[in-house]
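Right, one structure below, let's go through it.
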Number of protein chains: 2
Amino acid sequence: MGERFYKIGEVSELLNIEQHTLRYLENSLKLKILRDERGDRQYTESDLDTLRLVLQLKNRGLNTTAIRMALENSSEVDNQNEDEQSDKEETEKLPVRGPVVTIEFVEAISAVKRIAEQNETLVEQNRLLELRIRRLEDKLDRYHRERDQKLDELIQLFKSEPDARNKSWLSRLWNK
Amino acid sequence: MGERFYKIGEVSELLNIEQHTLRYLENSLKLKILRDERGDRQYTESDLDTLRLVLQLKNRGLNTTAIRMALENSSEVDNQNEDEQSDKEETEKLPVRGPVVTIEFVEAISAVKRIAEQNETLVEQNRLLELRIRRLEDKLDRYHRERDQKLDELIQLFKSEPDARNKSWLSRLWNK
DNA sequence: CTTAACTTCATAAATTGTTATCAGGTTAGT
DNA sequence: ACTAACCTGATAACAATTTATGAAGTTAAG
């Protein structure tokens with residue numbers, strides 16, 4: 001309802017993380033943070049929760065890869081448990097341990113689909129390229145023929161001219 | 001039944017990992033490897049499988065923390081198939097259930113990823129080829145026009161100015 | 001027109017993680 | 001007694017990840 005958005009500066013203040021770190025996390029964890037029309041990040045409450053979780057996991061020594069896996073597993077739970085941020089320090093409770101592979105799996109499947117599409121495009125593009133090359137070849141041939149023809153013309157013209165002095169340089173012209 | 005044990009040297013040979021790396025993995029992944037009365041490590045087949053999986057995951061860029069998490073999900077690989085790993089390659093032994101991380105699975109996924117990368121390369125290469133062809137087309141066009149023009153010029157000159165042609169057109173031809 | 005608050009991209013610096021070496025020990029088998 | 005194969009623990013060397021800084025650009029507000 002009252003969807004409130006936070007700008008990166010605010011988030012940085014609230015959570016005590018540097019802005020560049022927030023951007024880094026966004027990349028490495030592949031979080032998708034909304035943007036406004038100007039391109040500025042808009043963090044939702046949910047994003048804040050996610051970030052808080054991430055920070056905790058980081059403190060426990062998980063790194064991005066691990067955190068990403070953990071996030072995948074806990075995200076679908078979509079905790080209704082509002083801020084139960086009590087002080088109790090659960091020392092050994094990693095959040096949910098589900099099928100880690102699902103991310104990989106899902107990613108793989110969409111990758112396969114993407115590849116299939118790309119491949120179609122590739123085949124088509126290749127066909128077109130092949131065509132253009134063939135045309136180029138033809139064109140080149142034609143040009144050559146035309147040019148030869150013109151040169152012949154020129155030669156004819158020249159031959160009809162008895163003046164022999166020019167022979168030397170002219171022959172040089174079309175010998176190469 | 002015939003539980004065979006491998007010593008660290010053998011494992012090192014088999015899997016192509018240095019012994020110190022094996023020990024490192026044991027620590028960082030908190031694997032519990034049996035010991036004999038003397039304290040020497042005794043790797044079981046199952047340990048080998050685990051290690052193979054670990055290696056796969058490592059190759060995919062997961063680090064120990066992440067791998068540890070992944071292992072937790074796949075650890076209860078409760079296959080009661082004690083039978084020998086005979087040579088017969090049963091191709092369609094479908095795992096049937098359970099999101100267990102298998103080596104095959106990981107391999108499949110990384111194959112997909114590899115293909116995806118290759119595909120990207122192909123797309124890029126196509127783009128470059130397209131560019132080169134376009135350049136070639138342009139070049140050919142330009143080249144042809146210029147040459148044609150010169151020849152025409154030459155012919156014209158030859159036809160129209162039989163007297164003055166000696167130097168003027170020639171120099172024009174070469175100097176430009 | 002300047003400032004504030006963003007953006008990206010690149011790169012430096014600090015921190016962690018991994019692999020490799022070395023030293024010193026134990027045990028079993030020649 | 002000597003060697004082979006293992007053990008531990010410390011540390012060096014290198015690789016990867018994470019954090020910090022800087023340059024250059026965009027947009028909105030004063």
Side-chain angles (χ1 to χ4, degrees), chain A residues 4-44 47-48 50-72 94 103, chain B residues 3-44 47-48 50-72 106 110 113 117 124:
Chain A
R4 208 225 135 155
F5 292 122
Y6 298 84
K7 296 204 280 171
I8 198 173
E10 301 176 280
V11 179
S12 174
E13 282 270 309
L14 276 164
L15 303 189
N16 250 280
I17 329 173
E18 297 295 331
Q19 302 193 12
H20 55 78
T21 306
L22 284 171
R23 288 189 267 257
Y24 171 71
L25 290 176
E26 181 179 338
N27 276 331
S28 54
L29 296 178
K30 296 182 201 316
L31 309 176
K32 54 274 161 290
I33 304 295
L34 293 183
R35 304 301 185 98
D36 64 13
E37 56 295 338
R38 175 144 60 105
D40 289 14
R41 273 161 259 253
Q42 297 186 122
Y43 292 86
T44 66
D47 291 332
L48 289 197
T50 303
L51 285 171
R52 277 188 266 260
L53 174 55
V54 167
L55 291 186
Q56 283 192 228
L57 294 176
K58 267 173 79 86
N59 286 341
R60 295 195 188 167
L62 303 218
N63 63 30
T64 35
T65 333
I67 293 179
R68 200 160 66 225
M69 294 170 78
L71 282 186
E72 270 302 322
L94 282 188
I103 341 139
Chain B
E3 236 348 345
R4 205 220 137 159
F5 292 121
Y6 299 83
K7 295 205 279 169
I8 198 174
E10 301 176 281
V11 178
S12 173
E13 281 272 307
L14 276 165
L15 302 189
N16 251 282
I17 328 174
E18 297 295 332
Q19 301 192 13
H20 56 77
T21 306
L22 283 171
R23 289 189 266 258
Y24 171 72
L25 289 176
E26 182 179 337
N27 277 331
S28 55
L29 296 179
K30 296 181 200 316
L31 308 176
K32 54 274 163 288
I33 305 294
L34 294 183
R35 304 301 184 101
D36 62 13
E37 53 299 340
R38 171 145 60 106
D40 289 13
R41 271 161 261 252
Q42 296 186 122
Y43 291 87
T44 67
D47 290 334
L48 288 196
T50 303
L51 284 172
R52 278 188 265 260
L53 175 55
V54 166
L55 291 186
Q56 289 279 338
L57 294 175
K58 268 174 77 86
N59 285 340
R60 315 220 29 274
L62 302 218
N63 63 28
T64 35
T65 334
I67 293 180
R68 199 161 62 225
M69 295 173 72
L71 283 186
E72 286 185 3
V106 175
S110 54
K113 292 237 165 121
E117 279 166 24
E124 176 62 7

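Quick caveat, the model's predicted, so the values are computed rather than measured. Just so it is clear: chains get the letters A, B, ... in the order the sequence lines come, proteins before strands, and each one is counted from 1.
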Winner on side-chain proximity to B:E18, out of D:dT19, D:dC6, C:dA20, is C:dA20

Practice prompt. Quick one: label B:R41 by what it contacts on the DNA or RNA (base, sugar-phosphate, nothing), any heavy atom closer than 4.0 Å.
Written response: sugar-phosphate

Rounded to whole Å, CZ of A:R38 lies from P of D:dA29 at a distance of 8 Å

A:R23 atom CZ is separated from C:dT7 atom P, nearest whole Å, by 5 Å

Open item on the list: Taking the side chain as everything from C-beta on, heavy atoms only, tell me whether B:Q42 gets closer than 4.5 Å to B:I33.
Closed with: no

A:N59 CG to C:dT16 C1', in whole Å, measures 15 Å

B:D40 has its side chain closest, among C:dT19, D:dC7, D:dA5, to D:dC7

I'd like to know if B:R38 and B:D36 make a salt bridge, using a cut-off of under 4.0 Å between side-chain N and carboxylate O.
no

A:L22 CG to C:dC6 P, in whole Å, measures 11 Å

Of the candidates C:dA5, C:dT18, D:dT19, the side chain of B:Y24 sits closest to C:dT18

>> Are the side chains of A:Q19 and A:R23 in contact, using a 4.5 Å heavy-atom criterion?
In response: yes

Taken to the nearest whole Å, CZ/B:R35 to C1'/D:dC7 is 8 Å

request  = For B:T64, report the nucleic acid contact type (base, sugar-phosphate, nothing); a contact means any heavy atom under 4.0 Å.
outcome  = sugar-phosphate

Closest to the side chain of A:K58, out of D:dT19, C:dC6, D:dC6, is D:dT19

